[in-house]
Amino acid sequence: MKLSIVIVNYNVEHFLEQCLHSVYTALEGIDGEVWVVDNNSVDGSLAMLERKFPQAKVIANKENMGFAKANNQAIRQAEGEYVLLLNPDTLVEPDTFSKCLDFMDRTPDAGGLGVKMLNGNGEFLPESKRGLPVPSVAFYKIFGLSKLFPKSKKFGAYHLTYLNPDEIHSVDVLSGAFMLMRKSILDQVGLLDEDYFMYGEDIDLSYRITQGGYKNYYFPETRIIHYKGESTKKSSVNYVYVFYNAMRIFADKHFSQKNAKLFNWLITLAIWFRASLALLCRLFQAILLPIIDFAAIYGGMYALSMYWDINILSARNSSFPPIYRKVFIPIYILIWIISMACCGSYKKPVTAAKSNKGIFIGTVIILLIYALLPETYRFSRAVTILGAMWTVLVVNLIRYIMRRFNIGSALFGGKDKRRIAVIGQNEEAARVAALVRVVNKKCDFIGIVQSEENLAEEAKGQDSFQQLGQLNQLRDIISIYHINEVVFCTKDIPADNIITLMTELQDCQVEYKIAPEESESIIGSNSINTYDEIYGVQVNSITKASNRRKKRAFDIIVSLLLLLFLVFDIWFVKRKKNFIHNIFDVLKGKKSWVGCQKLDESENLPELRPGVLYPTDAFTFSQPDPSLVHKVNVLYLQDYSVLTDLNILYRGFRDLGR
């Protein structure tokens, strides 16, 4: 056997599905096998594998074994001449494997190989090639010198930024996201070091390959998309600790005692420095908008009070005392800002509605306090009202300017409305466009771009979607129709064409997503943790704490109403005795009025209370097939609404005694 591919999966079902579609396409004509090691996922990954990829060899762990141990489980059983470690959050080109294997076959000193990686926006990922993190290299990376001087061989040694990313190079370290190695060399130098749990294993193995007398190559003649998913976010203190602790393990194993002590001292310094920096950045991001609001409101109210002094109070031989501008105005502003904060004005997504609600509540509080103050501290009520009006004006203006010029765009949770172009052919393009329309409530426009020149005759079933043109007109289509999101159908467009288009259209500033064939999900964004960028996963997930509270409140209110009007409603229910039992079970928290219908015990669904009714009760069919039940469950879980529960309750009222 020529190639064994090992993929370790942990709760990324939809990325894994897309990855495997591309993997099996690229494996055509190659004698190979695919191993998927699942680290106790609860998101339905195993059910998906059984349903869609029965040919894959699956190892289902009962606990999270970590990256190294899980890979080793499959490597020990692999039969291929070459072993490829591949992340599930990747997409490979159709000729990726054939090109890589051909290079390895004609390069006998190659022990390992990595490829050119792009993120979800088609941008080059510098970790595609890396140098060995010796103390000096680590120091330059930790303190940002590598970013300041990327073309310097001395300072740019961590990501080898001085090397041309479009040329083949011998490098020190390969990325574990795509790491192709000879099985014979793994038998010689050893497998992944299981002392590492997450991070550092690829550095360690790359180093041992070079110590064994072989070379690691960076090979840019094929590309992959890597969404850079991580179990911890890079801005978090936990990420900083886990990543740099992996570097400490590496130093202890491979550096001399003197260098290891120096490196560990640097690592300790790095943990404190980067953790402090991460905390400060998060604090700064949290307080920046309130500070801007405070300064803008205070400036306006100060000018307003001065105008009032000169034009109104001076005629009465009076003026505001210094305490008004130094104490009272700041207190008023703090009340407005605290009220806005309580209304969620500074939480993502930032919206004008939340801000205006907070300002209104704050104004009411200020006027109530004003009425209770002694006469000597009751300054101008008119200035307070005008100040509230100024606050509304300036706060909304600040948010408009930030949106208009894309300042702090993360605060606003992306664009309010999405204008989407789906690129594909005929029925598949229509299917994907319909999926987008169903699960993306904020979609303002959906059009279809044909991937081939058969617009007029063959574009059937797409009447509800506007035909925008052909693939070779995509740049103009994006400009004319103000498209801000492009969805590629992999059934009709090969992965290499998708990657090329993403790279060529970087200047268009659009987001890209990919719809795997026959999939209920559409993958996008730069991170596998950004679930709102995956259509069909968690749009308004029922697992959110706020939605769980809403659901519990709904259950209690409905139960009390049913109990209050029991003499009337009991006559409309089939099993009356069970109906009464259900009311009390729901009140006790043993059941919920609506819950998922679980037909298969192996199906992984969020832990919810057993339901009296099911999402399928909202439909007219009597005995739906299991696949349909699963799809309805997913839609219910991903986009929960109290109104949905109310609709199911209304339609299934007669079965409340189930």
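Computed from heavy atoms alone, side chains included, the values below leave out hydrogens, waters and symmetry copies.
- For the residue pair Y82 / D105, a side-chain donor-acceptor distance below 3.5 Å is found, with atom types taken as modelled.
- Every pair passing ring-ring contact (aromatic ring centres under 6.0 Å, His included) that includes a residue from residues 91-113 is listed here, sequence neighbours excluded: F103-Y217, F103-F219.
- At least one side-chain heavy atom of R76 sits under 4.5 Å from a side-chain heavy atom of N72.
- In summary, the side chains of N87 and T90 do not present any donor paired with an acceptor at a separation below 3.5 Å, with no hydrogens or angles considered.
- With sequence neighbours excluded, the residues satisfying side-chain hydrogen bond (donor to acceptor under 3.5 Å, both in side chains) with N61 are N39, Q73.
- Minimum interatomic distance between P88 and V12 (heavy atoms only, all atoms of both residues): CG-CG2, 3.7 Å.
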Check: residues 490-498 side-chain donor-acceptor pairs under 3.5 Å, at least two apart:
from: T490; atom 1: OG1; to: A515; atom 2: O; distance (Å): 3.2
from: T490; atom 1: OG1; to: E517; atom 2: N; distance (Å): 3.3
from: D492; atom 1: OD2; to: Q425; atom 2: N; distance (Å): 2.7

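- Judged by distance alone, with hydrogens and angles left aside, the side-chain atoms of K57 form no donor-acceptor pair with the main-chain N or O of V34 at under 3.5 Å.
- Counting only distance, with no hydrogens or angles, the side chain of S128 and the backbone of M117 share a donor-acceptor pair below 3.5 Å.
- Side-chain atoms of R106 never come within 3.5 Å of backbone atoms of L101 as a donor-acceptor pair (strictly under, hydrogens ignored).
- Here K2 pairs with E81 in a salt bridge; the nearest charged N to carboxylate O distance falls below 4.0 Å.
- Rounding to the nearest 0.5 Å places CD1 of I499 at 7.5 Å from CD1 of I514.
- Put simply, the side chain of I225 reaches to within 4.5 Å of the side chain of M502, judged on heavy atoms.
- In this structure, the side chains of L49 and V36 come closer than 4.5 Å at one or more pairs of heavy atoms.
- Within the 3.5 Å criterion, the main-chain N or O of A110 finds no donor-acceptor partner in the side chain of T107.
- In this structure, D202 pairs ionically with R130, as a charged nitrogen and a carboxylate oxygen lie closer than 4.0 Å.
- Each of N119, V487, L505 was scored for a side chain to side chain contact (heavy atoms under 4.5 Å, CB included) with Y512, with one residue passing: L505.
- The side-chain heavy atoms of M48 and L16, taken from C-beta on, include a pair separated by under 4.5 Å.
- Side-chain contact between Q77 and I59 is present, with heavy atoms from C-beta onward closer than 4.5 Å.
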Please test E221 against I168 for side chain to side chain contact (heavy atoms under 4.5 Å, CB included), starting from the C-alpha separation and ending with a verdict. CA-CA 8 Å; E221 293 182 9; I168 298 172; 3.5 Å; yes

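- The salt bridge (charged side-chain N to carboxylate O under 4.0 Å, His left out) test applied to K154 returns no partner, not counting sequence neighbours.
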Between S170 and Y218, does the side chain to side chain contact (heavy atoms under 4.5 Å, CB included) criterion hold? Intermediate values first, please. CA-CA 6 Å; S170 173; Y218 164 70; over 6 Å; no

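- Taking the salt bridge (charged side-chain N to carboxylate O under 4.0 Å, His left out) definition, one finds that D95 meets it with K99, sequence neighbours left out.
- Exactly one of D172, T210, V171 qualifies for a side chain to side chain contact (heavy atoms under 4.5 Å, CB included) with L132. That residue is D172.
- Between I7 and L20 the shortest side-chain heavy-atom distance falls below 4.5 Å.
- Applying the side-chain hydrogen bond (donor to acceptor under 3.5 Å, both in side chains) test to every pair with at least one member in residues 20-31, sequence neighbours left out, gives no pairs at all.
- Taken from SG in C19 to CG in D89, the straight-line distance is 8.0 Å, to the nearest 0.5 Å.
- In terms of modelled atom types and a separation under 3.5 Å, the side chain of N216 and the main chain of S206 share a donor-acceptor contact.
- The backbone N or O of G111 sits nowhere less than 3.5 Å from a side-chain atom of R182 that would complete a donor-acceptor pair.
- Atom CG in L113 sits 10.5 Å away from atom CD1 in I209 (nearest 0.5 Å).
- Side-chain contact between Q188 and Y214 is present, with heavy atoms from C-beta onward closer than 4.5 Å.
- The backbone N or O of A177 lies less than 3.5 Å from no partner atom in the side chain of H226, so there is not a single donor-acceptor pair.
- Under the 3.5 Å distance criterion, with hydrogens and angles disregarded, no donor-acceptor pair is assigned to the side chains of N64 and N40.
- Under 3.5 Å, the side chains of E127 and S175 contain no donor-acceptor pair of N or O atoms.
- A side-chain donor-acceptor contact under 3.5 Å links S41 and N9.
- When side chains are defined from C-beta on, L27 counts as touching I5, because their heavy atoms get closer than 4.5 Å.
- At least one donor-acceptor pair closer than 3.5 Å links the side chain of S4 to the backbone N or O of G80.
- Note that the CD atom of Q18 and the CD atom of E13 stand 13.0 Å from one another [nearest 0.5 Å].
- Here the straight-line distance linking atom CG of L186 with atom CG of L192 works out to 8.0 Å at 0.5 Å rounding.
- To the nearest 0.5 angstrom, D38 atom CG is 4.0 Å from L46 atom CG.
- Under a 3.5 Å cut-off, the side chain of R223 and the backbone N or O of V115 do not form any donor-acceptor pair.
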